[in-house]
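A short worksheet on the structure shown next.
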Amino acid sequence: MVDTSFATYFRERLLNWAAEIERPMPWKGEKDPYLIWLSEIILQQTRVEQGMPYFENFKRDYPTVQALAEAPEDEVMKLWQGLGYYSRARNLHAAAKIVSSTYEGKFPADHRQLLSLPGVGPYTAAAIASFAFALPYAVVDGNVFRILSRVLGIDTPVDTTAGKKEFARIAQELLDQEDPARYNQAIMDFGALKCVPRNPDCERCPLADRCIALRDGLIDLLPVKEKKLVRKDRYFQYFILQWKDQVVIRKRTAKDIWRKLYEFPLIETTGIEFGGWAQSDLWRELGLKEAGELKRTAGPFRQQLTHQRIVAVFREIELAGPPSELPEDYLVVDRKNLAKFAFPKLIDCYLRDNSLNLF
DNA sequence: AAAGCGGGGTA
DNA sequence: TACCCAGCTTT
């Protein structure tokens, strides 16, 4: 249980601080639940500056949830291109369809129903409930974990079930019931501007006089995370199979990175041994008797993802004519239409480098 | 409970 | 390089 007098102190200092600062954002003070939801999905694990242009683009192309629901999935993926965590785009589209049909285009003013939408978890449900409907649900995001663990000196790992539960309970107790939206906005602004991950501004912190971590010299040790990142290396060889102005691409459908984005035919190897590709099964699957004539190899390109390091080369190959077999998910497109498809950053970089003069 | 999922900013 | 960001879903 959080001490009542501490809760009062915390709220008051936080709200007073927030009243003094400015942090303009396109969705701040927004009342349309659709736009609030849209901004929250975009901002999941994404810094505000990075998400801002995407919010504007989605708002422009899909002014209403119905417009988004009616859009083709590939179009939504294309607009999301470059933002990462593409399941967000897929869930965004799916949720738009649900709201459009089941809820007649209106987001439910109910925390539990919000939580049931695909892509809406505890944080996002609380954000929509408070910002759109003034309901008393405290947001718990990375900022909140950091602030509460420091001020209260809690070393329970935040990336465990017990940690999530404990911090959620405390956050809910601290919430200002009078104006949940203002409070939620304030605590996230505070985490983003004042109680930042490294070198926080403790000298001018309104909570410094009661901050346990500051008193005990634990600022750099909190919050505690238990799991450490494991990173794996992957080696991709992409084949740009061309004849005239036609090129083969395919949609990624497996449960893997970049699902529902497009790429070129791919051979993945377990190591840097990039030879032997001419004998790959890929050519047989495409109904090609031989690998074709290699015109150029570009790369290696590297991309660092959170959990994977990708090393990729791009081999440009001239075919005499179209492949006789195109497996499911493969398609032939005109070179000038490539820009209509959503590609991972890695491939987008390659395409830009070559400014579409593939040969 | 643990793993998987992007891309970019910062120290 | 390592960590973090207005986290969620699947296994």
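Proteins get letters first, then strands, A, B, ... in listed order; numbering begins at 1 in each.
For C:dG7, the OP1/OP2 oxygens have a side-chain nitrogen or oxygen of A:Gln45 closer than 4.0 Å. Side-chain N/O atoms of A:Lys164 include none lying less than 4.0 angstrom from OP1 or OP2 on B:dA1. In this structure, A:Thr124 reaches the C:dC8 phosphate: one of its side-chain N or O atoms is under 4.0 Å from OP1 or OP2. Side-chain N/O atoms of A:Tyr85 include none lying less than 4.0 angstrom from OP1 or OP2 on B:dG4. Listed pair A:Trp258 / B:dG7 meets the phosphate criterion, a side-chain N or O lying under 4.0 Å from OP1 or OP2. Contact annotation: A:Lys255 side-chain N/O to B:dC5 OP1/OP2 distance is not under 4.0 Å.
The distance from atom CD1 of A:Ile41 to atom C1' of B:dC5 is 15 Å, rounded to the nearest whole Å. Whole-Å rounding puts the A:Phe145 CZ to C:dG7 P distance at 10 Å. Rounded to an integer number of Å, the gap from A:Ile310 CD1 to B:dG8 P is 14 Å.
Within 4.0 Å of A:Trp27, counting heavy atoms only, lies at least one base atom of the nucleic acid. Backbone-only contact: A:Gly82 has heavy atoms under 4.0 Å from sugar-phosphate atoms and none from a base. Residue-level contact check: A:Asn184 touches neither bases nor backbone, having no heavy atom under 4.0 Å from any strand. Residue-level contact check: A:Val196 touches neither bases nor backbone, having no heavy atom under 4.0 Å from any strand. As judged by a 4.0 angstrom heavy-atom cut-off over every strand, A:Gln81 is placed among residues making no nucleic acid contact. Across all strands shown, A:Arg90 has no heavy atoms under 4.0 Å from either base or sugar-phosphate atoms. Among the atoms of the strands shown, none is found under 4.0 Å from any heavy atom of A:Glu49.
Nearer the 5' end of DNA chain C, as judged by each residue's closest nucleotide, is the contact made by A:Leu229, out of A:Gly119 and A:Leu229. Between A:Met25 and A:Leu117, the residue anchored nearer the 5' end of DNA chain C, judged by the nucleotide with its closest heavy atom, is A:Met25. Where A:Asp159 and A:Tyr86 each meet DNA chain B at their nearest nucleotide, the meeting point lying more 5' is that of A:Asp159. Taking the nucleotide of DNA chain B with the nearest heavy atom to each of A:Pro344 and A:Ala162, the more 5' of the two is matched to A:Ala162.
A cation-pi arrangement, defined by a distance under 6.0 Å to the six-membered ring centre and an angle within 45 degrees of its axis, is absent between A:Arg210 and A:Phe6.
Residues A:Phe131 and A:Trp27 place their aromatic rings such that the two centres sit no closer than 6.0 Å.
The two residues A:Trp243 and A:Glu318 have their closest heavy-atom pair at CA-OE2, 3.9 Å.
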Q.
Set out, in order, the CA-CA distance, both residues' side-chain angles and the distance that settles side chain to side chain contact (heavy atoms under 4.5 Å, CB included) for A:Tyr103 and A:Val65, then state yes or no.
A. CA-CA 11 Å; A:Tyr103 297 117; A:Val65 69; over 6 Å; no
Q) What do the steps show when you test A:Tyr85 against A:Thr46 for side chain to side chain contact (heavy atoms under 4.5 Å, CB included), and what is the final call? A) CA-CA 9 Å; A:Tyr85 282 155; A:Thr46 303; 5.7 Å; no
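In this model, a side-chain donor or acceptor of A:Thr306 finds a partner on the base of B:dG6 within 3.5 Å. Residue A:Arg146 places no side-chain atom within donor-acceptor reach of the base of C:dA6, judged by atom type and a 3.5 Å distance cut-off alone. A donor-acceptor contact under 3.5 angstrom links the side-chain atoms of A:Thr46 to the base of B:dG6.
Aromatic ring orientation, A:Tyr183 versus A:Phe10: tilted (interplanar angle from 30° to 60°). The aromatic rings of A:Phe107 and A:Trp37 sit tilted relative to each other, their planes meeting at an angle between 30° and 60°.
Taking only side-chain atoms of A:Leu305, from C-beta outward, the nucleotide of B:dA2, B:dG7, C:dA6 with the closest atom is B:dG7. Of the candidates C:dA6, C:dC4, B:dG6, C:dC4 carries the atom nearest the A:Pro197 side chain, counting heavy atoms from C-beta on. Side chain of A:Lys345, nearest nucleotide from B:dG7, C:dC4, C:dA6: B:dG7. Of the listed nucleotides (B:dA2, C:dT1, C:dA2), B:dA2 has the atom at the smallest distance from the side chain of A:Lys227. Picking from C:dG7, B:dG7, B:dT10 the nucleotide with the shortest atom distance to the side chain of A:Arg198 gives B:dT10. For A:Arg231, the listed nucleotide lying nearest its side chain is C:dA2; candidates were C:dA6, C:dA2, B:dG8. For A:Asn91, whose side chain is taken as the heavy atoms from C-beta onward, the closest listed nucleotide among C:dG7, C:dA6, C:dT9 is C:dT9.
Taking atom P on both nucleotides, B:dG6 is separated from C:dT11 by 15 Å, rounded to a whole Å. Rounded to a whole angstrom, the distance from the P atom of B:dG4 to that of C:dA6 is 25 Å.
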